[in-house]
Each structure stands twice: as structure tokens, then as C-alpha cells.
Amino acid sequence: MEIKPGQTVGIDLGTTYSSIAQLNPEGIPVAIPNADGKTITPSVVILGEDKKIIVGPSFERMAIENPRNIVEAIKRQMGNKDFAIIHNNQRFTPELISAMILKKLKQDAEKVIGEIANAVITVPYYFNDVRRKATQDAGQIANLNVIDIINEPTAATLAYAWQKGQLGRPDAFKGEKTIMVYDLGGGTFDVTVVRYNATNFRVLATDGDVMLGGLDWSRRIVDFLAEQFHKKFGEDPREDPETLMQITQECEQAKRDLSERAQVTINLYYKGKNLTTAITRGDFERLTSDLLQRTRDTTELVMAQAGIAPGELDELVLVGGSTHMPVVETMLREVTGKTPSRDVSPEEAVSQGAAIHAAILEARATGGVSRMGQAVLNRLRAVTATDVNSHSLGIKITDPNNRSRKINHIMIPKNTTIPFEVSQKFVTNTPNQQRIHVSVLEGDALDPDACTTIGDFRIMGLPPNLPAGSPVEVTYQYDKNGRIHARARELTSNLEAQTEIVRSSGLTDENVSAFEVLANEYSVE
């Protein structure tokens with residue numbers, strides 16, 4: 001990892017809002033305001049004319065724009081090689097669109113702190129390797145030296161423990177805490193249990209859903225209103241893109257208002273017809289009860305995996321703007337026996353934690369951060385972290401109970417503490433086999449097609465007349481940086497092959513370089 005000259009920051013690249021932060025000379029993580037003076041920027045992109053991009057437009061600006069030029073929630077498409085938006089004959093991939101958001105954050109922050117070179121970018125814990133690679137590529141396209149990708153709940157834990165004056169302070173904090181981070185953002189959901197003392201924090205268990213977030217709660221209101229309108233007038237306002245965008249914005253605001261008020265009224269106007277509907281908080285909670293139940297099921301699962309019973313948590317930390325919904329707090333009190341803490345900013349905690357992590361890496365790599373005092377540097381150097389893998393790693397093998405099909409055999413289960421290495425023995429399938437093909441799978445499903453193939457390699461030139469059932473040893477390793485390595489050895493001939501999974505899925509190096517040049521041709525406002 002190379003730290004380049006320039007400022008080092010942490011970035012929360014969110015589904016609905018993004019934020020950028022830096023550790024100040026006093027050791028306080030501070031969110032850096034954008035050009036509008038706000039510390040969060042909507043993750044919305046307008047693809048304009050004459051190579052102009054608008055990031056984080058107001059509702060008023062969006063209202064006068066062609067909805068086909070507006071891109072929202074691009075984070076949900078990260079790693080999807082089949083997704084792209086064609087605008088003015090240019091193909092915009094999720095990486096390129098995300099890079100425009102990062103470019104906006106970078107250029108606004110540089111007006112406050114000077115030239116930014118290095119960044120730690122956060123991702124949901126449940127992002128797989130392909131999605132993480134896509135996020136890293138977006139950073140490079142935005143001319144950032146991405147020195148690490150850190151999980152969002154890990155970042156939030158850092159922000160919480162650091163701002164409590166506990167992390168990096170063995171002189172002041174002698175105990176140990178077990179906390180849960182419940183992170184319900186605009187588009188993704190994570191829940192993680194972490195145990196930490198003054199010098200180390202380690203993840204005990206984690207789970208989540210990259211397709212569940214506040215957007216889904218808002219869409220339930222949209223669908224409810226549209227169905228009421230259709231029932232009364234026989235027309236579906238969702239069929240018109242401009243009307244759908246307007247309704248969605250109003251329903252998003254209604255959702256926020258229902259966190260503060262018992263009832264809201266929404267007016268829906270379409271094709272000369274008008275519908276006024278009152279929605280109570282109770283109505284809203286009934287419409288979305290299954291969504292909340294999904295987060296409850298995950299929370300209970302993670303507590304069980306971490307070996308934590310209700311009442312045993314020291315703290316329950318809420319992260320993500322969607323945690324403002326009162327029903328979330330009520331549910332969590334029931335599940336954990338703990339009143340949730342709002343000691344960190346739900347919207348800024350992740351970027352602040354990323355900024356702390358970035359400062360830790362900078363202090364280790366350079367021996368010091370020139371703008372920091374010695375006491376802050378000592379705290380940074382004192383902190384270590386132990387992580388777990390969020391997805392199981394498996395190998396495609398012939399099912400021993402049904403030789404006509406292939407299955408995913410788990411080598412490293414999810415929530416295994418990393419670094420970790422495991423070796424297992426398998427056997428060849430046929431007599432006189434000439435090669436051995438190892439497919440490295442990411443996922444928990446038994447069916448290999450339901451998993452992600454993140455790498456493969458072959459042992460070639462096996463000795464002649466090798467009998468079926470000859471032993472093969474396969475070794476998987478997660479190193480301390482979260483890189484995946486795999487090797488296999490045919491034990492009769494001692495032939496070996498190996499690979500390091502270098503996140504090669506998605507864009508190639510040439511693609512990234514080309515997009516980097518292209519991004520520089522666009523002006524971002």
C-alpha cells in the first residue's frame with residue numbers, strides 16, 4: 001500500500017447519500033461540507049449535455065429534468081457487468097457513475113482541506129468481492145488512490161469507540177465492550193456484532209442484504225398511493241416517468257415526516273385527476289412490516305452466531321438515515337433488550353470511521369501524519385483490528401451422493417476470523433485424468449450456479465495412468481488484507497498450481513484507465 005502526497009480522507013459512498021470526512025489535528029473525525037455547506041450529498045447524478053454532470057441536485061432541479069437523464073441508487077448495481085446507461089452515445093457503467101459522485105465529493109472537499117490523494121472507501125459488509133472491486137475501480141476513475149476498502153459497520157464501530165475516547169487509549173479504557181451496529185441505509189442493510197478493548201476490535205458476526213434499505217420503505221408508499229389512484233380513476237400514475245419521479249420524491253419526504261408526525265397527507269395529481277390521501281404512521285408500519293421483519297430476522301441470526309443473548313450487549317449503535325423510523329428502535333429494544341444509542345451521527349458515522357481508518361493506515365505507512373500531534377499519532381498506532389469474511393468460500397466438486405451433478409463444498413464458512421487458512425483432501429474423478437480444474441466459489445448455496453465464481457486454475461500434465469481416486473490437496477487462504485489465495489497439489493506426482501484472487505471480475509485495468517481519461521473530460525457540478 002502506497003500513501004501518495006496529499007490529503008487522506010474517508011468516504012461513505014452511499015446508495016442515497018454520500019459523505020466525506022477527515023481526522024482533524026486534534027484527532028476528531030470531521031465531515032467535510034460540500035459546496036452547499038452540507039455534510040451529506042445526495043447520491044443522485046444528472047447526465048447533462050456538453051459533457052456536464054450534476055451530482056446531488058435539489059428536488060427542484062430534478063423536477064425540471066428529463067427523468068431518463070437522472071440516475072439514482074447506482075450503488076445497487078455495483079458489480080453488475082450487464083448494467084449500463086447509454087447517454088449521448090456514451091456507455092455509463094455503475095463504476096463510471098459512482099466515480100462522478102466521488103469526483104464531486106473530492107472537488108468540493110479540496111476547496112476546504114486542499115488536494116486529496118488517498119482515500120478509504122466504505123462498502124456494506126455483505127458486498128461480495130466483485131462489488132468491492134467495482135467500488136475500488138470507481139475510486140481510481142475519480143483520481144483517488146484507494147488505500148483500503150473498509151466495511152461500513154466496522155467504520156461505524158471505529159467512529160463510536162474513538163469518539164467515546166476508548167479506542168487507542170489503554171491509559172483511559174481498561175475494559176472490553178460488545179456492541180451491535182445496526183446499519184439501515186437508503187439502499188443496503190447490515191448488522192454486525194463487534195467486541196473491542198482499547199487497542200483491538202474484532203468482528204464476531206455479520207450479515208445483511210445489499211437490496212434492502214430506506215428506498216424500499218418509500219416505494220411501499222408509492223405503490224399504495226398508485227393503487228388507490230388506479231382503483232378510483234382506472235389510471236396508473238407509475239406508468240409516466242415524470243409523475244413517478246415526483247411521487248417518489250413526495251413519498252420519500254412523507255416517510256421522513258412520519259418519523260416525527262403521526263399522520264401526513266399526500267396529493268397525487270395525474271392526467272387532470274387529483275387524489276388526496278392521508279397516511280398514518282400505523283398505516284405506514286403495516287405497509288412495511290415485512291421489510292422490518294427481514295431486518296429483525298437478520299439481527300436475531302447475527303446475535304445467535306455471535307453467541308450473544310438479549311441483554312448481553314453493552315451498546316446498540318444505530319447507523320443510516322432509515323434508523324430514524326421509530327418502529328426500528330421499538331423492534332430493536334424487543335430483540336436485544338437494549339435501548340439504541342444515537343451517540344454518533346447516523347448519516348456521518350460511516351465516513352468518520354473511514355477517516356479514522358485512513359489516518360491509522362497513513363500513520364503506519366509514513367511513520368507519522370505531519371498535521372497530527374504526538375498524542376493523536378500514539379492513539380492511531382495503538383489500534384489493531386480483527387475481521388471476519390462476510391461470504392463463504394467454496395470449491396466446485398462432484399456430489400459424492402449423485403455423481404451426475406456438481407455442488408459447492410464450503411471450505412471457509414462466513415464469519416470466520418481472518419487471516420485464515422484451511423487444507424482439505426479430495427480425489428480425482430476418472431482414470432488417467434490429465435488435468436485438475438479448481439473453481440473458487442463465493443457464496444453459501446449448494447448449487448454452484450447460485451454462487452459467484454471468483455477465480456479458477458488448473459494443474460496440468462498429470463502423470464499417465466493415474467487411477468481414479470488419486471488424492472488432491474486443496475488449500476484456501478484469506479490473508480490479513482482480505483485477499484483470497486488458493487492452491488492445489490496432486491499428491492502422487494506432487495504437481496502444484498495456485499492463484500491469488502486479485503478481484504479481476506468486472507472492469508479490466510485497461511477499462512479503468514480508459515474511464516479515468518473519460519471522467520476527466522466531464523465537468524462535475
Side-chain angles (χ1 to χ4, degrees), residues 14-19 31 34 36-44 56-64 67 70 72-73 182-189 212-232 237-238 242-270 273-296 318-333 339-342 344-349:
T15 309
T16 52
Y17 290 93
S18 295
S19 178
N34 61 21
D36 297 323
K38 298 176 180 178
T39 56
I40 56 173
T41 298
S43 301
V44 179
S58 64
F59 284 160
E60 293 77 15
R61 178 63 183 84
M62 291 171 65
I64 62 172
I70 300 173
E72 299 181 85
Y182 176 98
D183 184 354
L184 184 60
T188 60
F189 167 66
L212 180 65
L215 291 173
D216 302 290
W217 271 259
S218 300
R219 283 171 183 164
R220 288 295 171 85
I221 308 179
V222 172
D223 291 340
F224 173 76
L225 290 175
E227 286 158 13
Q228 295 295 311
F229 194 96
H230 184 267
K231 190 181 297 182
K232 184 172 181 179
R238 291 170 295 189
E242 292 184 7
T243 304
L244 177 59
M245 184 178 71
Q246 182 181 350
I247 301 169
T248 301
Q249 291 173 1
E250 291 177 4
C251 290
E252 174 69 24
Q253 187 57 51
K255 178 189 71 176
R256 294 168 184 267
D257 290 343
L258 284 169
S259 292
E260 306 294 333
R261 293 156 50 188
Q263 180 174 306
V264 296
T265 300
I266 305 176
N267 293 309
L268 176 49
Y269 182 82
Y270 179 57
K273 302 176 180 68
N274 188 69
L275 178 71
T276 300
T277 305
I279 298 179
T280 68
R281 185 182 292 171
D283 294 332
F284 175 56
E285 291 173 357
R286 281 189 292 275
L287 284 171
T288 57
S289 61
D290 62 310
L291 301 176
L292 185 71
Q293 184 65 42
R294 284 165 63 183
T295 80
R296 180 177 186 139
L318 299 183
V319 176
S322 299
T323 59
H324 288 297
M325 292 184 290
V327 71
V328 169
E329 187 168 325
T330 302
M331 178 274 290
L332 287 171
R333 272 201 300 266
T339 298
S341 163
R342 296 190 183 273
V344 295
S345 164
E347 290 82 9
E348 298 173 11

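Only one option out of T288, I221, L215 pairs with K255 in a side-chain contact (heavy atoms from CB on, under 4.5 Å); it is I221.
Under the 4.0 Å criterion applied to side-chain N and carboxylate O atoms, E260 and R281 are not assigned as salt-bridge partners. A salt bridge between K231 and E227 is absent, with no side-chain N of the basic residue lying under 4.0 Å from a carboxylate O of the acidic one. A salt bridge is absent between R220 and D223; no separation between the charged side-chain nitrogens and carboxylate oxygens falls under 4.0 Å.
Of the possible donor and acceptor atoms, one in the side chain of T330 sits under 3.5 Å from a partner among the backbone N and O of P326. Side-chain N or O atoms of S19 include one that pairs as donor or acceptor with a backbone N or O of T39 at under 3.5 Å. Looking only at distances, a side-chain donor or acceptor of S322 sits under 3.5 Å from a matching main-chain atom of G185. Between the side chain of D36 and the main chain of K38, no donor-acceptor pair closer than 3.5 Å is present.
Partners of E285 according to the side-chain hydrogen bond (donor to acceptor under 3.5 Å, both in side chains) rule, which considers only residues two or more places apart in sequence or in another chain, do not exist here. Under the rule for a side-chain hydrogen bond (donor to acceptor under 3.5 Å, both in side chains), S345 has no partner lying at least two apart in sequence or in another chain.
Heavy-atom minimum distance, T276 versus T265: CG2-CG2, 3.4 Å. In terms of heavy atoms, E250 sits closest to N267 at OE1-O, 3.3 Å. Considering every non-hydrogen atom in both P340 and L332, the closest pair reads CG-CB, 4.3 Å. Taking all atoms of both residues into account, the shortest heavy-atom contact from A254 to V264 is CB-CG2, 4.0 Å. Residues A278 and D283 approach most closely at O-OD2, 4.2 Å, considering heavy atoms.
Counting only N and O atoms by type, the side chains of T41 and S18 include no donor and acceptor under 3.5 Å apart. E252 and S218 form a side-chain donor-acceptor contact under 3.5 Å, judged by distance and modelled atom types alone.
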I247/I266 under side chain to side chain contact (heavy atoms under 4.5 Å, CB included): CA gap, chis, key distance, verdict: CA-CA 9 Å; I247 301 169; I266 305 176; over 6 Å; no

Side chain to side chain contact (heavy atoms under 4.5 Å, CB included) between V222 and C251, worked out: CA-CA 6 Å; V222 172; C251 290; 3.7 Å; yes

Would you please test L268 and T277 for side chain to side chain contact (heavy atoms under 4.5 Å, CB included) and show each step? CA-CA 8 Å; L268 176 49; T277 305; over 6 Å; no

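Few gaps surround NZ on K273; more than 12 heavy atoms of other groups in view lie less than 6.0 Å from it.
Taking the six-membered ring for Trp and the full ring otherwise, Y182 and F189 have centroids separated by under 6.0 Å.
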